[in-house]
Asks: 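The following block contains the structure, expressed as structure tokens.
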Amino acid sequence: MKRRLEERQHLLDAGINPYPCQFDVSRYSEDIITGFREDLKEDVSVAGRIMTIRKMGKASFFHLQDSMGRIQIYLKKDDVGETAYNTFKLLDIGDIVGVKGFTFRTKTGEISIHAQEFELLSKSLRPIPVAKEKEVEGQKVVYDAFSDREMRYRQRYVDLIVNPEVRKTFIRRTAIVSFMRRFFSEKGWLEVETPVLQPVYGGAAARPFTTHHNALDMELYLRIANELYLKRLIVGGFEGVFEFAKDFRNEGIDRFHNPEFTQVELYVSYKDYNWMMELVEELFYRTALEVNKCDVTNFLGSEISLKPPFRRLSITDAIAEYTGRDISGKDEIELRNIAKDLGLELDPKIGSGKIIDEIFGEFVEPKLIQPTFITDYPSEMSPLAKGHRSKPGIVERFELIAGGKEICNSFSELNDPVIQRERLEAQAKLRLRGDDEAMIVDEDFLRALEYGMPPCAGLGIGVDRMVMLLTGEESIRDVIFFPHMKPE
RNA sequence: GAGAAUAUAGCUCAGUCGGUAGAGCAUCUGCCUUUUAAGCAGAGGGUCGAAGGUUCGAGUCCUUCUAUUCUCACCA
């Protein structure tokens, strides 16, 4: 770095601005390569970062990396002039340059640009940990890859420069989100924004982050979900609303959890959870085709097919299938015995719904690799879901499980304000008993329901997990640009 | 919270039985006008994560600590 600072000064002394204001780019590397014609020397102007250099006295080759990829540049002293060539000799890997020249193919067959003009656009002061690659029998071998996970996440900018797959993953993430946005919009639903700072948090069972508003001198919470606000908008008369929301949960961190994560929630009037399952099938299938050009994805060593229909299984049947135990109609004591029998240690405070959830999470969920709708959860686990139209004690709810993890959650939304109040007050009692994930009674939300909310289907999709599934990334940190890290 | 692994040059890593630190790439100097892990000749670069201990002598053995990664637990 010291040497590069000196070089910067040398350049300044020589009257060369190491940080000029602009450069006219006409083409990108990948377009040039795909559009290359042997019979045509095309004039092009490109800009990017120097990633390899091979200096040979009075001529040099280097690879320039722009936003699309890399292209080789051939730089000859006789063509660019002595001054520009001498400037080039001072440069390093990592510097950003602009080149004007014409396309050609080298002796060894690589499509390249024969430079006629050359200009430094930005001097890099820190050495970039470039990997070297070599083709051995058609296989790409990478040497000295920048692979330290901590440094990759902390200095994502370096990761992006040096590891092209990382860039591709994030481009795919954006493509997935864009497609989903288009998909929902084309159905006629409205993309909206609702508060991140909430005086009463709700819509999920989780511990929140707390913050403080100085002027109002009040506690505020970063949202754990936006469900209750979106339902208020359904009350307000919108047919369908959705929001790509950053949610915040003050909980553990692992490869499936980041304290802030993206969830898209969707609410559609006059629909139920059966309709929503079909929508989810269509959404996942079409997103995969759009982004991957393929309805099969590889995730954690399994091939996962996103071709509808997905399997549908009630939570009771799923537990019966994977454990051989029938939980239907069992009371808390019987359920506790079944769990004990299966070798599960349970917190004595938890109720029957939670026991079923524990059994499911332990023995069933990890085994559901292909996309599966798990339906008809016990009502005490789902205070915001509507009771099942024919099964008592059950709600009209489903989760989509794929790759052994929950990706979506959805229900026919509870719109009876009296029952909703009872459910939330029951949550408040759990809270008093020490369950700090139980929900808080949101009086304004109840007031909204009292004005009347149409029948409504709601959906939440863990966008980060969906991106993991579709890109095959095995850690949430690989689909979030700047995952949460301890301070340096 | 528990367990495992790791920590040596800018990057990726060796370092045997305890004997004063090594490679490739990167960097610097010189040569080289179609190279591609360019090449050739030479050079510089390290408080071996930290602190203690054992020893004539510790990168190596012991103890403690720190950091990171992974797994598990927790987490609709």
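Sequence lines set the chain letters: A, B, ... in the order given, protein chains first and strands last, and positions in each chain run from 1.
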Asks: Round to a whole Å and report the spacing from CZ of A:R154 to P of B:U69.
Replies: 8 Å

Asks: If a pair means Watson-Crick or G-U wobble with both distances below 3.5 Å, what does RNA chain B look like in dot-bracket form, with | marking bases paired to a different strand?
Replies: (((((((..((((.....[..)))).(((((.......))))).....(((((..]....))))))))))))....

Asks: Of all residues at least two apart in sequence or in a different chain, which pass the side chain to side chain donor-acceptor pair (under 3.5 Å) check with A:R465?
Replies: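 So A:R465 forms a side chain to side chain donor-acceptor pair (under 3.5 Å) with A:H257.
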
Asks: Examine B:C70: is either OP1 or OP2 under 4.0 Å from a nitrogen or oxygen in the side chain of A:R149? Give yes or no.
Replies: yes

Asks: Reading nucleotides 7-13 of chain B from the 5' end, what letters show protein touch, with B for base, S for backbone sugar-phosphate only, - for no heavy atom under 4.0 Å?
Replies: ----BB-

Asks: In terms of ring plane angle, is the pair A:F102 and A:H114 parallel, tilted or perpendicular, where the classes change at 30° and 60°?
Replies: parallel

Asks: Is A:D254 side chain donor-acceptor paired with the B:C74 base, going by distance under 3.5 Å alone?
Replies: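 For A:D254, whose side chain was compared with the base of B:C74, there is a donor-acceptor pair (under 3.5 Å).
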
Asks: Nearest of B:U35, B:C28, B:U33 to any side-chain atom of A:D92?
Replies: B:C28

Asks: I need the minimum non-hydrogen distance between A:L469 and A:A402, along with the two atoms involved.
Replies: CD2-CB, 4.1 Å

Asks: When we call it a touch if two heavy atoms are under 4.0 Å apart, what does A:Y377 touch: a base, just sugar-phosphate, or nothing?
Replies: nothing

Asks: At 4.0 Å (heavy atoms only), tell me whether A:E7 reaches a base, stays on the sugar-phosphate, or touches nothing.
Replies: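 Sugar-phosphate, backbone atoms only, no base.
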
Asks: What nucleic acid atoms does A:R207 come within less than 4.0 Å of, heavy atoms only: base, sugar-phosphate, or nothing?
Replies: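 Result for A:R207 = nothing.
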
Asks: Do we get A:K58 above A:Y85's six-membered ring, with its NZ or CZ under 6.0 Å from the centre and within 45° of the axis?
Replies: no

Asks: Consider the side chain of A:E251, meaning its heavy atoms from C-beta on, and name the nucleotide among B:U33, B:C28, B:C75 that approaches it most closely.
Replies: B:C75

Asks: By the definition salt bridge (charged side-chain N to carboxylate O under 4.0 Å, His left out), identify the one residue from A:R8, A:R126, A:K123, A:K55 that meets it with A:D92.
Replies: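 It is A:K123; the other options fail the test.
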
Asks: Any base atoms under 4.0 Å from A:T106, or only sugar-phosphate, or nothing? Heavy atoms, all strands.
Replies: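 Contact class for A:T106: base.
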
Asks: Given B:U69, is OP1 or OP2 found less than 4.0 Å from the side-chain N or O atoms of A:R477?
Replies: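 Looking at the OP1 and OP2 atoms of B:U69, one of them is under 4.0 Å from a side-chain N or O of A:R477.
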
Asks: Less than 3.5 Å apart, any donor N or O on the side chain of A:E243 or A:N226 sitting next to an acceptor on the other?
Replies: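 A pair is found: one side chain offers a donor N or O, the other an acceptor, under 3.5 Å apart.
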
Asks: A:K76 side chain: which of B:U33, B:U35, B:U71 is closest?
Replies: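 Ranking B:U33, B:U35, B:U71 by closest atom to the A:K76 side chain puts B:U33 first.
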
Asks: Measuring only the C1' atom in each nucleotide, how far is B:U33 from B:U27? A whole number of Å is fine.
Replies: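 About 25 Å, rounded to a whole number of Å.
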
Asks: Want to settle it: does A:D78 or A:G109 sit nearer the 5' end of RNA chain B, counting the closest nucleotide to each?
Replies: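 Looking at RNA chain B, the more 5' nearest nucleotide goes with A:D78.
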
Asks: Using salt bridge (Lys or Arg N to Asp or Glu O under 4.0 Å), reason through A:E110 and A:R105 one step at a time and then give a plain yes or no.
Replies: CA-CA 5 Å; A:E110 180 164 350; A:R105 190 186 285 274; over 6 Å; no

Asks: Under 4.0 angstrom, heavy atoms only, what part of the nucleic acid is A:G203 near: base, sugar-phosphate, or nothing?
Replies: base

Asks: Tell me: CG of A:D79 to C1' of B:U33, nearest whole Å?
Replies: 10 Å

Asks: Apply side chain to side chain donor-acceptor pair (under 3.5 Å) to A:E396 and list each qualifying residue two or more places apart in sequence or on a separate chain.
Replies: A:R389, A:S412

Asks: Is there a donor N/O on one and an acceptor N/O on the other, under 3.5 Å, for the side chain of A:E110 and the base of B:U35?
Replies: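 Flag unset: no donor-acceptor pair detected.
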
Asks: Could you tell me which residues satisfy salt bridge (charged side-chain N to carboxylate O under 4.0 Å, His left out) with A:R397, sequence neighbours excluded, listed by chain and number?
Replies: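 Residues passing salt bridge (charged side-chain N to carboxylate O under 4.0 Å, His left out) with A:R397: A:E399.
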
Asks: Applying ring pair (Phe, Tyr, Trp, His ring centres under 6.0 Å), name anything that partners A:F61, two or more places apart in sequence or on another chain.
Replies: A:Y74

Asks: In whole angstroms, how far is the C1' atom of B:U33 from the CD atom of A:Q72?
Replies: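 Going from CD in A:Q72 over to C1' in B:U33 covers 14 Å.
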
Asks: Below 4.0 angstrom from OP1 or OP2 of B:A37, is there any side-chain N or O of A:R54?
Replies: no

Asks: For A:K58 and for A:E358, find the nucleotide of RNA chain B with the closest heavy atom, then tell me which residue's nucleotide is more 5'.
Replies: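 The answer here is A:K58.
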
